[in-house]
Amino acid sequence: MAEGNRLTLVCEQCHHRVVLPELNHRERAVCPRCHHTLLTFKRNASERLLAFSISAFVFLALSLPFNFLTFKSSGQKHSIDLPGGLSVLMENDYLSLAIITGLATLILPGMVLLGFITLGLAHLNNARTPFIKRIFYWVRALLPWSMAEIFLVGTLVSLIKVSELADVAIGMSFYAFIGFTAFMALSMSNFDSTGFALWLHEGKLPPPKPLEEKQASGSIQRTWALLLTSTILYIPANVLPIMRTEFFGQETPNTIIGGVITLWEGGSYPIAIIILVASVVVPVAKIIILCWLNLSVQLGRTGSTQLRIRYYRITEAIGRWSMIDVFVVAVLVALIQMGNTLSIFPGPAALAFCAVVFTTMIAAMTFDSRLIWQHWKQLP
């Protein structure tokens with residue numbers, strides 16, 4: 001929307017109407033009420049988005065055909081590439097874990113990059129079509145579920161854990177995956193969804209749907225349902241083993257907490273802390289924070305708005321990082337398959353923990369942050 005020669009936007013997080021001045025290079029507009037970034041301006045942003053996205057896609061393609069990791073133990077050797085690692089999971093009847101890993105680390109990031117490339121080319125050619133609009137909305141929807149950087153961190157954690165058991169060699173695909181992750185991050189940093197939305201709608205964004213009592217009530221109820229589901233799932237995710245290690249026919253189950261204790265006792269203090277924070281502290285903190293936010297909204301509290309919106313953004317930012325432990329399990333299972341000598345298998349807690357992460361992420365999405373500033377029972 002435009003007001004004279006100035007742009008007017010409605011903040012998506014607090015529903016505050018803001019009139020923006022013209023931005024210069026590397027300037028950003030921030031909502032004065034909730035401090036949410038409304039718009040950023042960078043010269044040649046589309047060209048950089050296109051260049052970084054093409055580079056990331058090339059590195060993604062290069063990370064697929066070559067050797068990713070090689071595990072050597074007791075005179076035996078097992079090498080995997082990324083598609084081969086997913087095949088190992090499927091061959092051992094862990095189809096669901098293979099699908100989750102493949103989607104989050106390869107397929108969805110690849111789709112996002114193709115979307116970036118399409119949007120960048122369309123913007124350079126000023127081609128506003130209904131197809132481009134659908135691509136834009138799909139890219140925004142898929143971005144939170146693209147977890148290539150989390151998989152990379154999980155792989156590094158796996159390497160440290162495996163190095164105590166045997167020798168691990170890094171292949172060419174591993175380095176290509178690092179390049180893919182780096183350029184993927186640069187692509188996302190140059191993608192301004194509000195700027196693209198303004199371009200697609202020729203500088204006049206459609207007015208946001210007004211918040212109504214029925215809509216607010218539905219948001220509160222859905223958030224409670226998802227939080228209750230995630231709390232129930234969190235119990236088997238921590239009580240049941242997340243993976244099983246078979247060493248010369250002797251099977252040892254490992255829970256999340258048990259794995260943290262083993263790493264700590266083995267002297268791997270940084271890795272133990274990372275797993276503890278990502279797999280225990282973050283999910284519990286996210287559930288508690290979202291329960292507090294949803295309860296405060298349901299009770300119609302209007303105070304501490306800055307504190308509550310800050311905690312809400314924290315839950316949005318950190319929730320997906322809990323997938324580190326799941327990706328550690330996926331990498332170890334795919335890599336360490338030496339028969340009765342040494343093999344690792346996922347436990348039932350792996351899928352339960354995935355469900356915890358996904359339900360808390362969806363709960364954060366269904367929670368309507370605009371209710372922090374508005375009493376929902378006073379809405380029309």
Side-chain angles (χ1 to χ4, degrees), residues 42 44-71 78-90 97-124 135-136 138-160 162 168-193 196 274 278 317 320-321 323-324 326-335:
K42 296 179 182 178
N44 304 317
S46 295
E47 289 86 345
R48 283 198 295 272
L49 175 66
L50 191 58
F52 290 141
S53 300
I54 292 174
S55 300
F57 197 81
V58 169
F59 275 110
L60 174 60
L62 291 174
S63 69
L64 299 178
F66 304 110
N67 182 43
F68 190 68
L69 293 172
T70 300
F71 180 76
H78 183 225
S79 300
I80 59 167
D81 52 31
L82 286 175
L86 299 176
S87 299
V88 170
L89 292 174
M90 289 187 284
L97 185 59
I99 291 173
I100 291 169
T101 304
L103 281 173
T105 62
L106 298 174
I107 297 175
L108 295 185
M111 293 174 65
V112 169
L113 288 174
L114 288 175
F116 283 164
I117 293 170
T118 304
L119 289 172
L121 289 172
H123 188 262
L124 291 176
I135 292 290
F136 170 72
W138 271 107
V139 165
R140 289 214 312 174
L142 294 178
L143 269 174
W145 306 99
S146 175
M147 304 181 183
E149 71 282 12
I150 303 174
F151 179 77
L152 179 60
V153 175
T155 303
L156 295 174
V157 172
S158 303
L159 292 178
I160 295 173
V162 170
V168 180
I170 295 174
M172 290 296 296
S173 286
F174 185 85
Y175 296 106
F177 195 86
I178 293 176
F180 154 60
T181 305
F183 280 106
M184 181 81 184
L186 289 171
S187 300
M188 290 190 292
S189 69
N190 281 273
F191 176 69
D192 181 15
S193 61
F196 267 100
I274 290 173
R320 54 205 293 273
W321 283 92
M323 285 294 290
I324 287 179
V326 176
F327 292 145
V328 168
V329 173
V331 171
L332 292 178
V333 170
L335 184 61

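Predicted, not measured: the structure shown is a model, and the values here were computed from it.
- The heavy-atom pair separating Ala330 from Thr101 by the smallest distance is CB-OG1, 3.6 Å.
- Leu106 is listed as a side-chain neighbour of Leu86, based on a closest heavy-atom distance under 4.5 Å.
- Across every non-hydrogen atom of Pro144 and Met147, the tightest pair is O-CE, 4.2 Å.
- At least one side-chain heavy atom of Ser193 sits under 4.5 Å from a side-chain heavy atom of Phe136.
- Looking at heavy atoms from C-beta onward, Leu332 lies out of side-chain contact with Phe71 at the 4.5 angstrom threshold.
- Taken from CD1 in Ile160 to CD1 in Ile274, the straight-line distance is 7.0 Å, to the nearest 0.5 Å.
- When side chains are defined from C-beta on, Leu159 counts as touching Ile170, because their heavy atoms get closer than 4.5 Å.
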Show which side-chain atoms of residues 179-188 pair as donor or acceptor with protein atoms under 3.5 Å away, not counting sequence neighbours.
{"unit_1": "Thr181", "atom_1": "OG1", "unit_2": "Phe177", "atom_2": "O", "d": "2.8"}
{"unit_1": "Ser187", "atom_1": "OG", "unit_2": "Phe52", "atom_2": "O", "d": "3.4"}
{"unit_1": "Ser187", "atom_1": "OG", "unit_2": "Ser53", "atom_2": "N", "d": "3.2"}
{"unit_1": "Ser187", "atom_1": "OG", "unit_2": "Ser53", "atom_2": "OG", "d": "3.4"}
{"unit_1": "Ser187", "atom_1": "OG", "unit_2": "Phe183", "atom_2": "O", "d": "2.8"}

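- If you take NE2 on His123 and CG on Leu49, they are separated by 10.0 Å, rounding to the nearest 0.5 Å.
- Annotation for Leu60 and Gly110: closest pair CD2-CA, 3.8 Å, computed over non-hydrogen atoms.
- Closest approach of Ser46 and Leu124 over heavy atoms only: CB-CD2, 4.1 Å.
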Candidate pair Val331 and Leu69, rule side chain to side chain contact (heavy atoms under 4.5 Å, CB included), full reasoning: CA-CA 9 Å; Val331 171; Leu69 293 172; 4.1 Å; yes
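- Rounding to the nearest 0.5 angstrom, the gap separating the OG atom in Ser146 from the CG atom in Leu103 is 11.0 Å.
- Phe57 CZ to Leu113 CG: the interatomic distance, rounded to the nearest 0.5 Å, is 7.0 Å.
- At a threshold of 4.5 Å between non-hydrogen side-chain atoms, the residues Ile117 and Leu50 count as touching.
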From CA spacing to verdict: side chain to side chain contact (heavy atoms under 4.5 Å, CB included), Leu82, Phe66: CA-CA 8 Å; Leu82 286 175; Phe66 304 110; over 6 Å; no
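- Scanning both residues, Ile80 and Asn67, for their nearest heavy atoms gives O-OD1, 3.1 Å.
- The distance from atom CD1 of Ile107 to atom CD1 of Ile99, rounded to the nearest 0.5 Å, is 9.0 Å.
- Pairing each heavy atom of Val153 with each of Ile324, the nearest pair is CG1-CD1, 3.9 Å.
- Under the side-chain hydrogen bond (donor to acceptor under 3.5 Å, both in side chains) criterion, Ser173 pairs with no residue at all, not counting sequence neighbours.
- Counting non-hydrogen atoms of neighbouring residues, nucleotides and ligands closer than 6.0 angstrom, the CZ atom of Phe196 exceeds 12 such neighbours.
- For the atom pair CG (Leu119) and CG (Leu114), the distance works out to 11.0 Å, reported to the nearest 0.5 Å.
- Among residues two or more places apart in sequence or in another chain, the salt bridge (charged side-chain N to carboxylate O under 4.0 Å, His left out) test is passed with Arg320 by Glu149.
- Between Phe151 and Phe327, the two ring planes are perpendicular [angle over 60°; tilted spans 30° to 60°].
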